[in-house]
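This report refers to the structure that appears directly beneath it.
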There are 2 protein chains.
Amino acid sequence: MQLRMTNQREMILRELKKSKKHLSADELYERVKKIMPRISLATVYRNLEILSDASMIRKLEISGRQKRFDSELEDHDHIYCIQCHRIENLDIGDKEVNLTEVDTRGYAITGRRLEVIGLCPRCQKKNSKNNAKKAKQGGSTMGCGCKKGVLSDEQKQVLEAMEKCDGPCASKDIAAATGLETKQVSCRITALKKKGYVDSPVRCKYAITTEGKIALNV
Amino acid sequence: MQLRMTNQREMILRELKKSKKHLSADELYERVKKIMPRISLATVYRNLEILSDASMIRKLEISGRQKRFDSELEDHDHIYCIQCHRIENLDIGDKEVNLTEVDTRGYAITGRRLEVIGLCPRCQKKNSKNNAKKAKQGGSTMGCGCKKGVLSDEQKQVLEAMEKCDGPCASKDIAAATGLETKQVSCRITALKKKGYVDSPVRCKYAITTEGKIALNV
DNA sequence: TAGTAAATAGTAACCTTTCGCAAGTCAATC
DNA sequence: GATTGACTTGCGAAAGGTTACTATTTACTA
Ligand SMILES: [Mn+2]
Ligand SMILES: [Mn+2]
Ligand SMILES: [Zn+2]
Ligand SMILES: [Zn+2]
């Protein structure tokens, strides 16, 4: 089994090296596609696998998320941000980590993986800003990690009713305004709160948030 | 937002603790289902997420594979097997890993994750047995990691033709016997070789392997 | 105890990754 | 130079794991 250096493979390797980042397969795919528009995502995956088997790149299997690939071969560890999932290199000396005396339970050790986890400087800044803002607003529940701001029709209906209403309103009011059942309104509000589009300044009273208004007008 | 201790949640927590293993969501689901047959897998996922957010359990997000959950809250690291993906606890003292002097690039450190990677004793044994067997057989390419031995109709056709033929035969012969095009036969042979059902004792000649015969008669 | 918020079951959708196939490319052999 | 087969690729489909949505039920609390 020998490797052939095809154009695709070469380009994938070159783009990964050029980026100097820890790219995921699809990020790399987007980059390579600009140069080879017909390349397939499967080819990118296949080659990243092959290249890392051949030790020409490194595969980073960090923390249950998307795999990332690293063109740097020298031994090094990584630090990553819990919030923005940025991954950066970390240089650690032999003194810091020394596993020679650890009881490895009969395992034949082939390597180790060390991740330092934290909040990157950018996210720290962002958070302190947001916190200041939130304190003024009275503490919305934003930033829950919901991936999408997509609204269902009924959610939109509820949100629209809430926008028209001035000041916090009860789910009963929304039900009356929309014609939906109270129970259903309650469900929609829960979902919207999770997305950060609605908050509850007073118990049992709800209001649309700034984010909610933005989401409505998209 | 407050937590309620529902029956489902309690059971999930109890079963995880009882197992003393690093279970995945679906493994836990199978266990809980025996006691609460109507529980939903989504409930298990939701609760594992909630419980780990509440620091009542730990989420292990190891190596880009399935998430696993750990009821042990004390700080400890893990060792895992590249082959069977078993995960075991690993006790490491403060002397072994000391990151206090590492340059963390401005990150606010919240934790670290150390995985030692290797081959577990069981897999070591299994491998040495298999290698001995392979050496005797003359080196078939089995054990490539293909997950399935499922044969497509055309693969089966090729394999059957190969079985009837005595001794190694060329892809041309198979093409003639099956009525398929030579190129297609070549493709099927490649796939079958990858599965370990065919090998090539002489260049350009192929024969069905023992595994191949077994697979045909399933 | 009534009323509200949180949780559930069931299912659909989602996202990342892998697979199978038909076709193409290339180097080694004839 | 033609043939052969190993290695690749693009494409489509599917697997596998996880999350989202919604009607309904349950736990809590005022
Ligand atoms: Mn790196
Ligand atoms: Mn553990
Ligand atoms: Zn960050
Ligand atoms: Zn193992």
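Residue numbers begin at 1 in each chain, while the letters A, B, ... track the order of the sequences.
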Minimum side-chain heavy-atom gap [X]-[Y] below 4.5 Å:
| X | Y | answer |
| --- | --- | --- |
| B:Arg112 | A:Leu114 | yes |
| B:Met162 | B:Tyr206 | yes |
| A:Gln66 | A:Asp26 | yes |
| B:Asp77 | B:Val116 | no |
| B:Val32 | B:Gln8 | no |

How many whole angstroms separate atom [atom1] of [X] from atom [atom2] of [N]?
| X | N | atom1 | atom2 | value |
| --- | --- | --- | --- | --- |
| A:Glu10 | C:dC26 | CD | P | 13 Å |
| B:Tyr197 | C:dG20 | OH | P | 11 Å |
| B:Leu192 | C:dC19 | CG | C1' | 14 Å |
| A:Arg68 | C:dT16 | CZ | C1' | 12 Å |
| A:Glu49 | D:dT9 | CD | P | 14 Å |
| B:Gln66 | D:dT19 | CD | P | 12 Å |
| A:Leu3 | D:dA6 | CG | C1' | 12 Å |
| A:Tyr29 | C:dT16 | OH | P | 13 Å |

Would you say [X] places a side-chain N or O within less than 4.0 Å of OP1 or OP2 belonging to [N]?
| X | N | result |
| --- | --- | --- |
| A:Tyr45 | C:dT17 | yes |
| A:Lys195 | D:dC21 | yes |
| B:Gln155 | C:dC21 | yes |
| A:Gln2 | C:dC26 | no |
| B:Ser171 | D:dG5 | yes |
| A:Lys67 | C:dT18 | yes |

query = What nucleotide, of D:dA6, D:dG17, C:dT16, holds the atom closest to the side chain of B:Lys193?
reply = D:dA6
query = Hey, what do you get for OG (B:Ser19) to CG (B:Asp70), rounding to the nearest 0.5 Å?
reply = 9.0 Å
query = Quick one: CZ on B:Arg86 to CZ on A:Arg105, what's the gap to the nearest 0.5 Å?
reply = 11.0 Å
task = Examine the side chains of B:Tyr107 and A:Gln124 and answer whether a donor and an acceptor come within less than 3.5 Å of each other.
result = no
inquiry  = Does either side chain, that of A:Lys126 or that of A:Gln83, offer a donor lying less than 3.5 Å from an acceptor on the other one?
reply    = no
Table of protein N/O atoms under 3.5 Å from nucleotides 23-25 of chain D N/O atoms:
residue	atom	partner	partner atom	Å
D:dA23	OP2	A:Arg188	NH2	2.2

At under 4.0 Å between heavy atoms, what does [X] touch on the DNA or RNA strands: base, sugar-phosphate, or nothing?
| X | answer |
| --- | --- |
| B:Glu181 | nothing |
| A:Tyr206 | sugar-phosphate |
| A:Ser24 | nothing |

task = Specify the residue among A:Met5 and B:Lys172 whose closest nucleotide of DNA chain D lies further upstream toward the 5′ end.
result = B:Lys172
inquiry  = Check this for me: does the side-chain of B:Arg4 come within 3.5 Å of the base of C:dA5 through a donor and an acceptor?
reply    = yes
query = Would you say the side-chain atoms of A:His76 pair up with the backbone N or O of A:Leu90, donor to acceptor, closer than 3.5 Å?
reply = no
ask   = Taking only residues at least two apart or on different chains, which pairs with a member in residues 33-53 of chain A satisfy side chain to side chain donor-acceptor pair (under 3.5 Å)?
value = A:Arg9-A:Asn47, A:Thr43-A:Arg46, A:Glu49-A:Lys59
Just the atom pairs and distances: protein N or O near nucleotides 8-11 of chain C's N or O, under 3.5 Å.
residue	atom	partner	partner atom	Å
C:dT8	OP1	B:Thr6	OG1	3.0
C:dT8	OP1	B:Asn47	ND2	3.2
C:dT8	OP2	B:Arg46	NH1	3.0
C:dT8	OP2	B:Asn47	ND2	3.3
C:dT8	O3'	B:Gln8	NE2	2.9
C:dA9	OP1	B:Gln8	NE2	3.3
C:dA9	OP2	B:Ser40	N	3.3
C:dA9	OP2	B:Thr43	OG1	2.1
C:dA9	N7	B:Arg46	NH2	3.4
C:dG10	OP1	B:Arg38	NH2	2.4
C:dG10	OP2	B:Arg38	O	3.2
C:dG10	N7	B:Ser40	OG	3.4

query = Of B:Ala191 and A:Ala25, whose nearest nucleotide on DNA chain C comes first from the 5' end?
reply = A:Ala25
